[in-house]
Amino acid sequence: MFKPVSSKLEVPSMEEEVLKFWKQNDIFTKTVELRKGGPEYVFYEGPPTANGKPGVHHVLARAFKDMFPRYKIMRGYHVSRRGGWDTHGLPVEIEVEKRHGFSNKRDIEAYGIAKFNEECRKSAFDYINDWEKLTDRIAFWVDLETAYVTFTNDYIESIWNILKNFYDKDLIYKGYKVVPYCTRCGTPLSDHEVALGYHEVTDPSIFIRLPLVDKPDTALLVWTTTPWTLPGNVAVAVHPEVDYITIERKTEDGGKEKLILAKGLLEKVFADEELTVLNTFKGKKLKGEKYHPLFTFIPPDKPAHYVVLADFVTTEDGTGLVHLAPAFGADDMSMSKKHDLPVLMTVQPDGAFVPEVTPWRGMWVKDADPLITKDLEARGLLFRVETYTHTYPFCWRCETPLLYYARDAWYIRTSQFKDRLVELNRTINWVPDNIKEGRFGNWLENNIHWALSRERYWGTPLPIWECTVCDHKEMVGSVNELSEKAGKDLSELDLHRPYVDEITWDCKECDEGLLKRIPDLIDVWFDSGSMPYAQWHYPFENQEKFKKQYPADYICEAVDQTRGWFYSLHAVSTLLNDSISFKNVICLGLILDSKGRKMSKRLGNVVDPWEVLDVHGADAFRWYLYTASPPGQDRRFSPELVGEVVRDFTLTLWNVYSFFVTYANLDKPKLTTVIAWSENQLDRWLLSELNVLVRDVTNAYENYDVLNATRPIATFVEKLSTWYLRRSRRRFWKSESDSDKGTAYQTLYTALITLAKLLAPTMPFLAEELYRNLVHAVDQFAPESVSLAEWPKYEESFIDEDLNRDMAVVTKLVSLGHSARQKANRKVRQPLAEAAFSVGSAVEGKAIAEFAQLIEDELNVKKVRLLDAREEAVAHEIKPLPMQLGQKYGNKFPGIRKAILGLNPEDVVHSLLAGESFKVSAEETDYDIQPDEVEVIVHAKEGFAVAEDGAYVAALVTELTPELVAEGRAREFVRRVQDLRKSADLAVSDRIELYVDASPKMKSALDVHKDYIIGETLSSVLKFMVPPANATKAEDEFDGEKLSFGFVVILI
RNA sequence: GGGCUUGUAGCUCAGAUGGUUAGAGCACUGUGCUGAUAACGCAGGGGUCACAGGUUCGAAUCCUGUCAAGCCCA
């Protein structure tokens, strides 16, 4: 006996029940324990930050993260899935800053770093409850109780160990990094802070001459909107492929001068001034050309003041020649690294010129702009002054214009490993695969050193101690090492600031200084990228565990992580172990709103996942995300689309399930969980399709092909419901033989329990519900949860491709038959004498005989057969197939096509039907056309109602005999009685006495089919008389005949 | 500015290696069928396949450019 199943499904409450079951029976833990000793399948959780509410995009990632581990446990793998939390970094700090209304770093320091960080530690988990609730509700099975947390001492110590390893290999160095910097607040701003403060401003726009050393009469014409950076100039950049020109013009004092600029900017700069273009050349010809420096306040310590080539130079504004001051521009700095140019620090951190810049020392740089311009003018180097309006970033807190400013920063020499990063990446399976060589591959190809340090408070401290006197440095790789150096036990020390900053020791190099920690933290991406090691406190503990859990078989995040977690994981493991850290990765697209815009708090278009979960449940939500579009693609989302899944898929399957349980509980058939052979063609077809499904879905899982692991299941369920079950219904409620009924039950049962397993990774709730009810009633020794069961194996012997093809032909013909009926205006209830068909090939024709009974039932015809070319009044059409003929004859095809269409089809159809070729001549050449190069289409004529599609034709004999009319009436009458039963709320099994009062013509028709009527309507008797007073009655009319009928329920 | 991705029906998506008539589901209209179904069947309306060139006998598909959107980088 199965638990009764209503056809009405309350999705959310069903899911809650399943959740309860999982929790009470600790199923998740059991799925891990059950597979102990099995092969290991390793999943890494990319740690989210729990200081904000989880959104739809988190459901997306978690749904995809969940499905492969669930699949793998059913394949016998041991899959421990450890959760993780990313807890450090600016987003956390900003939340705390907001709470206190802090506006800069001084506020934080005044408040106290210890207190501030303590609040960050808490804030990192502000929304932990929301996260846990959501994770639980969407059935993302991940172990959150033992989740790794990046702020723990153990985690930090592991990172220190990695950093020390890098440091010992000389992979960490100190350099400059140009950052957007507020001179008033004394702090660099993060990208998103910069984005907050763009304003339109008007700046000076000056053109200056840089006379060449080797051609004193010629000068480079350079443009800038930041004159204050000119004392820091060390080079000029030009684009190698852009055309440049030398022009000659008259000067104001009557002389002549030659200037070099980009050809495309000539008009913009000189308008219609009269001048001569002397020559044109590519930018690369200027490479290495030396010019006289504008200023010499700080003597460069390396070769400088020459032309370099750079791709970033544009010809939209200015002159196409860009002045480089490495201390004040990110591009400038990267060029200085590339060409080993000096970095001239002409400005102090407070935004004033350094003393060496004598004329303007101590002056706020922007204030010096006009003075610098004047100075250049006085020396004849100024070509022109204008103003320029553009957007420029300001400090969002204090409205000070930001300077791009070089700060000390620590780097990891990742680009030394560029080739290795690229090679190892080639061994990773990326889904979609374009990411491998595209987005991620390109990023690796253009690798620059990893800027590791951050001038912040809440994060992993960079464990470098520097001497206050000499330049001795020490990198600390563990707490023990720190204790030894400091000469005291620090095992209880909180490794965060400010506590770690207090640890100092004497310098042994100079015997004078004190080793103090540099104040920097590290990039939080290094935290998460170290996760394969740090989650185990490796190498201090768990060496075995680490080995077993490295590298990951599978990770999954959204595409915005290419430069984030995907990169940090890959970089750390390449530098540390010369190995990959993940073998397969699904890179998800982003979630957009229903209008295709990114969901953001600002636009107010964020969908709360609970709106969806509370209404449609988690299964449908997950299923939608899996099936809507390829994983890598951005997807538009709206809750309504999830509702469609419930209607289309969930409820369809549910009703098959409900149907099965309802009838099985009445009939109590013998069932087995093992797939069983059936003589019935429909059963055999279903089992064949089912095994094809298992095969294809399994292959898809093995290939991380999510669409093909899911969509075909929906297609199958559709076939199961609207074809198999529709055609099998009668077998369940009244079957000729018990054995046929038995195999029908068994076949449907097999399909349902197999579907439950195939759906377990993706729709875990519905799968569990089906499995729990269906399997346990039959096999009490079966595992208690679908996730503890084995993944279904497909049985090759049940797959019959011919049968599948035949059934496809049958459904096609039946569809055409219905169409023909409609055209002929013949209701399905009216039986017709005959349906004749035409198909594309002789093989397909077999299907008609094979499934004659089924087609007859479905179309309500007495006989089915093939259209016979010799006997029927049929016309033929020969259609050239471009695929075959076009490929064979190329540009001869149009001529051949025309020739074939010009033939009288009846002349060639006989040879074609006999499988022989025919000749056609086009453009004075004869061609032998093979039967498979044309399509023969049959059109039935006269006396038929016809529908056709390509080679497929259904032709119905529409002529009605009195017998057929009588049968149609009986059937119509049954239908009316059934409606009345239904509207009178009778149970399906209620028996009745049936009365009908009708005209003699109608009466005789009903009388002929009396047995049929009685059987269909569950009547004990059919009496031709006026229904008694206590009967449920109806007056009706059809075929122009009035009748009144009614019934009395028989009480047992 | 660079890299990558996307653009097909009102909506969500299919459309290997080019093949002449571009499909499905939802929604809409008509009709049929039904004692499992929130359904189902049949039919209809709805498309200059973002745009413009090119290659080809033939282009939604290949090439070039343009436009629009998204992400990452600058």
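Chain naming here is simple, since letters A, B, ... match the order of the sequence lines and numbering starts at 1 in each. No experiment lies behind these values; they were computed from the predicted model shown.
Within residues 885-892 of chain A, the residues approaching RNA chain B are A/Gly886, A/Gln887, A/Gly890, A/Asn891, by heavy-atom distance under 4.0 Å.
Under a 3.5 Å cut-off, the side chain of A/Ser721 and the backbone N or O of A/Glu718 do not form any donor-acceptor pair. For the pair A/His818 (side chain) and A/Ser815 (backbone), a donor-acceptor distance under 3.5 Å is absent.
Residues A/Phe637 and A/Phe621 place their aromatic rings such that the two centres sit under 6.0 Å apart.
A straight line from CH2 of A/Trp723 to C1' of B/G41 spans 10 Å, rounded to a whole angstrom. Regarding A/Gln633, its CD atom lies at a distance of 6 Å from the P atom of B/G7, rounded to whole Å. At whole-Å resolution of the value, NE2 in A/His239 and C1' in B/G1 are 9 Å apart. If you measure from atom OH of A/Tyr927 to atom C1' of B/C57, you get 12 Å, rounded to the nearest angstrom. Between the CG atom of A/Asn446 and the P atom of B/A74 there is a distance of 11 Å, rounded to whole Å. Protein atom CG of A/Leu707 is 15 Å distant from nucleotide atom C1' of B/A24, rounded to whole Å.
Using a 4.0 Å heavy-atom distance criterion, A/Lys879 is classed as a base contact.
Straight-line distance between the C1' atoms of B/G18 and B/A27: roughly 34 Å, to the nearest whole Å. With both ends at atom P, the span from B/A14 to B/U5 equals 16 Å, rounded to whole Å.
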Task: Annotated protein contacts, base or backbone, on nucleotides 31-39 of chain B with a non-hydrogen cut-off under 4.0 Å, one of B, S, - each - done: SSSBBBSBS
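Ring planes of A/Phe732 and A/Tyr745: perpendicular class, angle over 60° (limits at 30 and 60°).
A donor-acceptor contact closer than 3.5 angstrom is absent between the side chains of A/Asp619 and A/Tyr624.
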